[in-house]
**Q** 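Here's a structure for you.
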Amino acid sequence: MTTTGPAPLRQGTAIDRAPAVRVRGLVKRYGGRAVVDDVDLDVRRGEVFALLGPNGAGKTTTVEILAGLRRRDAGEVTVLGEDPATGDRRWRDRVGVVGQTTGAGDALTVLETVDHYARYHGQPQGSGELLAAVGLEGAARTRVDALSGGQRRRLEVALGVQGRPELLFLDEPTTGLDPAARRQFWTLVEGLRETGTTVLLTTHYLDEAAQLADRVGVIAAGRLVEVAPPDALGTALRREATVRWTEDGAPRSVVTPEPSAVLRDLLAATPTGEIPDLSVTRPNLEDVYLRLVGGTSEGGPR
Amino acid sequence: MTTATTRPADPGTRPAPPGAVTIGRARIGLELRLFARDSGQVVFSFAYPVVMLLIFASVFGDQEVSPGVGFDRYFLAGIAATGIMLTSFQAVGIAIAEERDRGDLGRLQVLGTPPAAYAIGKAGQVLLTTVVQLAVLLTVAALVYDIPLPTDAGRWLTFAWITLLGALAGTVLGIAVSAFVGSARSAGTGIPAIAVVLQFVSGVFFVYSELPEVMRQVAALFPLKWMTQGMRSVFLPDGAAAAEPAGSWEHPMTAAVLAAWVIIGVVVVARTFRWRRSGG
C-alpha cells in the first residue's frame, strides 16, 4: 500500500487556502467497536471528494460527524475553519447536507416545501431558480408523497443547496435510483463543481466515484486505506500484471510487476510455434478497489 | 436536469440565519397546514369531544349531579379539559415520535433549527386547534344540549387562562414524553394509555368528589385534574364549589400546579430533547 494518509497538499501555491475539511485521528466507537478508526482526511476547497467503500465501512458515520450531527470519540476535526461539534448556526448555514430522507412533510407540495425551508437560511436561493436547477420546475405543485424516487432525491438536493452552502455533504445520493436518474444526478453534481461548491460525497459505487470525484478516499472497516485521483487509485496494485498461458494442457499464471521479463523467458523457452492461450492482463479499477477493500478486513497495513 | 446555478454565498457578506421567533412563526404556519391536510387528525380533534358529550348526555341525560346541575353540564368541564389534553399532550407526543422516525427532525437538525423555534411551532398549532376544538364543543353544548354557558367576563377569563396554561403544559409535556417513548408505534399506544388513565382518576369520566381518596391524591399530582376542576369553576354554578373535596375552586393552586408543570416540562425538554432517536 503506497498511500495511507491523505495525499499531500500542494505547498506554497499562490492561493494557499486552508482545506474545507481537515480530519486527524478521527475515531468513533459503538459498543467498544471502532466504526471509524483513526481516519486522517483533507478535502480541498472547491473539489469533489468521494468517500468510497462498502456498506458498513463507516462512510455515513464519518459524514455525520463532519456535518456536526454526531459526536466523535477522538481526533481533531475542522470543517470550514470550525469544529463541527461546537459549530453555531452561522456555521451550519454554510454547510449543506443531503441525507437519505426528505424529512419535509409528505403532505406539502414541492414548492411549499422549498418556500418553507427558505425561511431557515440567511441568504436562500430563490425557489423558482432552485427548482429549475434541480429539474423540478414541472413538479412544483406536486405533493411530496406523489414524487418518484428520483424526483424526491432532487428535492433533497434542492434543500441541501438552498442556503448556498460552501460545502455540501451528499450521503449515498444515488442509492436506489434507476440508471437514468443516476446519470441526471451526476450532471447535477458536475454543475455544483462548476459553481465552486466543495462536495464530499459517499458512495459504494466505484463508477460513481470515478465519474464525479477529483479525488477518492477508499474506506473499509472504518479505515481510510487510500486517497488518490480515480485514475491513480491503487497504483502499486495496478503495476502488477498477470501472465497466463497453457503448458502441457494445464493453465499456468504468474503475477509479476515485470511481465516483459516473464514473456522473454517464456519466448526463449518456446523458440518456435505459439504459446497456447498466452495473455497479459492488468487489474482494472474494480479489481484494484476490491483488493483495497478486501485487504483490510484481516487488519491490513495502516 | 440543468446545470445548477447555486453559487456559494460569500462567507464575508453572508447574513446571519433568521432567529428562533422568525422560524417559529413560519413553523406555526407549516404545522397548521400539515394539521389541516391530515383529515384523520382534524376529525379526531374536533369531533371526539362532541362524541364524548353525546355519549354522556344520552347515558345520563336526565340525571343530576346536584340540584339544578345536570350530568351533561358537569361532564362538559371534564370533556373540555380532556380535549385540551388530547390536542396538546397526546397529539404532540405522537406527532413528534412520528416526525423523528420519518427523519423530519433530522432535517431540522441539519438546518441548525433552534429547538425553541420547533417548540413555538408546536405550541402555536396546539393553541389554535384547541381554540377551534373548544369553540365547536361549546357551540354544540349550548345549541344542542341547552347547557348554560357563562355570561360574565370573569368566568371567561378563568376559561382563557386554564385553556392557555393547560395547552402549554400539555405541549411541553408532549415534547418531553416523546424523548422517552421510542418509536412512533410505541408512542401511539403508550401516550393514549397515559391519557386514558389520567382521565379516569381526574374526574373526567366520574364525579371527582366520589372517587376514592387515593385516586384523588394521585390525580392531584397531574395537570388534568386541575384543568377539569378549573373548567368546573367556569361551567358550574357558584354553589357547586361547596361540593368540591377542598370546598372551593382553588384557583391559585390550579394556576400554580399548571405553571409548575410548564416549568418542569421546559426543564425536561431542555435536558432530554433529541432530534434523532439513536444518540451518538
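Residue numbering restarts at 1 for every chain, and letters A, B, ... go by the order of the sequence lines.
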**Q** Using heavy-atom distances under 4.5 Å, tell me whether A/His116 contacts chain B through its side chain, its backbone, both, or neither.
**A** side chain
**Q** Checking heavy atoms, do the side chain of B/Leu111, its backbone, both or neither come under 4.5 Å from chain A?
**A** both
**Q** Find out whether the Lys NZ or Arg CZ of B/Arg107 is both under 6.0 angstrom from the six-membered ring centre of A/Tyr120 and within 45° of the ring's axis.
**A** no
**Q** About how many Å separate CZ of B/Phe222 and CE of B/Met85, when rounded to the nearest 0.5 Å?
**A** 11.5 Å
**Q** How long is the straight-line distance from OG1 of B/Thr22 back to CZ of A/Arg119, given to the nearest 0.5 Å?
**A** 8.5 Å
**Q** What part of B/Arg25 gets closer than 4.5 Å to chain A, counting heavy atoms only: side chain, backbone, both or neither?
**A** neither
**Q** Please identify, among B/Arg14, B/Gln109, B/Arg33, the residue contributing the most non-hydrogen atom pairs under 4.5 Å to chain A.
**A** B/Arg14
**Q** Between B/Thr87 and B/Ser45, is any side-chain donor less than 3.5 angstrom from a side-chain acceptor?
**A** no
